[in-house]
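Note sheet for the following structure.
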Amino acid sequence: MENIEKVSQNTEKTTQPNEMYAKTKAYQDFINVLSQIIEKHGSEVLNELNHAK
C-alpha cells in the first residue's frame, strides 16, 4: 500500500448501506459470508499482493 501515491477523494468516504436494506436477512447473510471469506483467505490474499511488487 505504501506505493500508492494519491488517494482519490471518493475512496476516503464510505457509503453506509440503506437502513432498510441493512436490516434484511439477505444483507446480513451476505455480510456474514463475506466476513468468513476474509477471515479465511484475507492473509493469503494480502501476502500475494505484497509479493507482487
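The residues of the chain are indexed from 1 along the displayed sequence.
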Legend entry - Separation of E48 CD from H41 NE2 (nearest 0.5 Å): 12.5 Å

Inset, instruction - Answer yes or no: is there a donor N or O on one side and an acceptor on the other, between the side chain of N47 and the main chain of S43, under 3.5 Å? - result: yes

Inset, instruction - Identify, with sequence neighbours excluded, every residue that meets side-chain hydrogen bond (donor to acceptor under 3.5 Å, both in side chains) alongside D29. - result: K25

Inset, instruction - Keeping to residues at least two apart or across chains, list the salt bridge (charged side-chain N to carboxylate O under 4.0 Å, His left out) pairs with something in residues 38-47. - result: none

Inset, instruction - State which residues pass side chain to side chain contact (heavy atoms under 4.5 Å, CB included) with I38; sequence neighbours excluded, sorted by chain then number. - result: L34

